[in-house]
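Read through the structure below, which is laid out as structure tokens, and then see the notes.
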Amino acid sequence: MQEPTPGQRRTPLTRSAVLAAAVAMADRRGIDAVSMRHLAHELGVVPMALYRHVANKEELLDGMVESIIAEIELPPSGADWRSAVRQRIMSARRVLLRHPWASLVIASRAQPTAIVLGYIDSLVATLRNGGLSAELTHQVMHTLGSRMWGFNLEVFPSAPPPEDPATRAQLLAQLAAVYPHIAEIASAGTHSTGTIVGRGCDDQAEFEFGLDVLLDGFAALHARGWRPGQPVSSAGIGSSVD
């Protein structure tokens, strides 16, 4: 690659400009297209110029995650803890819908950066300021898992159903012949092509359903003054196994 002439660079290269270009490239072409070489070409610089701002590809990905987190909106002041947590998570989900590649990158990060830890700390603060005990908050954060970032990690991801109705019906009939209960619930759900994970199902509706069930459960435990060692169910279900 030839070194660009001064006229090719309109603004001085900065870390924020590098990250913004990387995010835009991932939005257009997918995360697999993002490399230091491709990014340098996009910015009109030699690859070595990028290393003054990001040390390597891993640091670039960390910075891209930080850029995504910066787009998540804060809930309005005065909101109760349940509303505040829900609004924050749903804002995170809207961000991921704008950047469909981001969930894979977030899930791939081995070590959280300061900005990632700051986001998590702010959610913990919302729960604690809402009156939830440290012990319950600990359980809440583990249970939310990837939902705090606006997506679910599917244990059994499935391929989207065929577009052709006849082919789809044939496959469902074959499934029902061997796994009738799976086929029953598969046909009972609503489906959508605009998903983040769990392609084929209505990911948005399922995400909100799961989030609301969890938040309602957390609120019920908080109202009961739950402490470690107590059963989660008010009827004692799950406290022991016979």
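In this text, all values refer to a predicted model and were calculated from it rather than measured experimentally.
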Which pairs count as side chain to side chain donor-acceptor pair (under 3.5 Å) when at least one residue sits in residues 106-122, sequence neighbours excluded? Glu58-Arg109, Asp62-Arg109, Glu66-Thr113, Arg88-Ser122

With sequence neighbours left out, write down each residue that passes ring pair (Phe, Tyr, Trp, His ring centres under 6.0 Å) with His142, or none if nothing qualifies. His138

Evaluate the side-chain contact (heavy atoms from CB on, under 4.5 Å) criterion for residues Leu175 and Leu171: first the C-alpha distance (whole Å), next the side-chain angles of each, then the deciding distance (0.1 Å), finally the verdict. CA-CA 6 Å; Leu175 180 67; Leu171 288 177; over 6 Å; no

Are more than 12 heavy atoms, taken from residues, nucleotides or ligands other than Asp32, located less than 6.0 Å from that residue's CG atom? no

Does the side chain of Val140 come within less than 4.5 Å of Val85's, by heavy atoms? no

Taking salt bridge (charged side-chain N to carboxylate O under 4.0 Å, His left out) as the cut-off, I'd like each qualifying pair that reaches into residues 67-78, sequence neighbours left out, listed once. Glu71-Arg98, Glu73-Arg94

So Val23 and Trp101, do their side chains get closer than 4.5 Å, heavy atoms only? yes

According to a 4.5 Å side-chain heavy-atom criterion applied to Ile, Leu, Val, Met, Phe, Trp and Tyr, with indirect links allowed, do Val65 and Leu117 form part of one hydrophobic cluster? no

Flag side-chain contact, heavy atom, 4.5 Å: Val105 against Ile68: no

Measure the spacing between CG of Leu172 and CD1 of Ile182 and express it to the nearest 0.5 Å. 11.5 Å

Side-chain contact test, heavy atoms from C-beta onward, threshold under 4.5 Å: evaluate it for Leu61 versus Ile31 and give yes or no. yes

Looking at CG of Leu127 and CZ of Arg82, how far apart are the two atoms once the value is rounded to the nearest 0.5 Å? 12.0 Å

Through direct or indirect side-chain contacts below 4.5 angstrom among Ile, Leu, Val, Met, Phe, Trp and Tyr, which residues connect to Phe209? Val213

Nearest heavy-atom contact between Ser146 and Asn152 is OG-CA, 3.5 Å

Please name all residues satisfying side-chain hydrogen bond (donor to acceptor under 3.5 Å, both in side chains) with Thr14, sequence neighbours left out, ordered by chain then number. Ser16

Correct closest heavy-atom pair for Ala33 and His38 would be O-ND1, 2.9 Å

Can you tell if the side chain of Gln139 reaches within under 4.5 Å of the side chain of Pro228, non-hydrogen atoms only? no

Applying the 4.5 Å side-chain criterion to the ILVMFWY set and letting contacts propagate, would Leu123 and Leu153 be lumped into a single cluster? yes

Is any side-chain heavy atom of Leu60 less than 4.5 Å from a side-chain heavy atom of Leu50? no

Quick one: salt bridge (charged side-chain N to carboxylate O under 4.0 Å, His left out) pairs with a partner in residues 127-145, sequence neighbours left out? none

Decide yes or no for Val95 and Ile69: does some side-chain heavy atom of the first lie under 4.5 Å from some side-chain heavy atom of the second? no

Between Leu39 and Leu104, is there shared hydrophobic-cluster membership here, with clusters defined by ILVMFWY side-chain heavy atoms closer than 4.5 Å? no

With a 4.5 Å limit on heavy-atom distance, are the side chains of Gln204 and Arg93 in contact? yes

Heavy-atom closest pair, residues Leu215 and Trp81: O-CH2, 4.1 Å

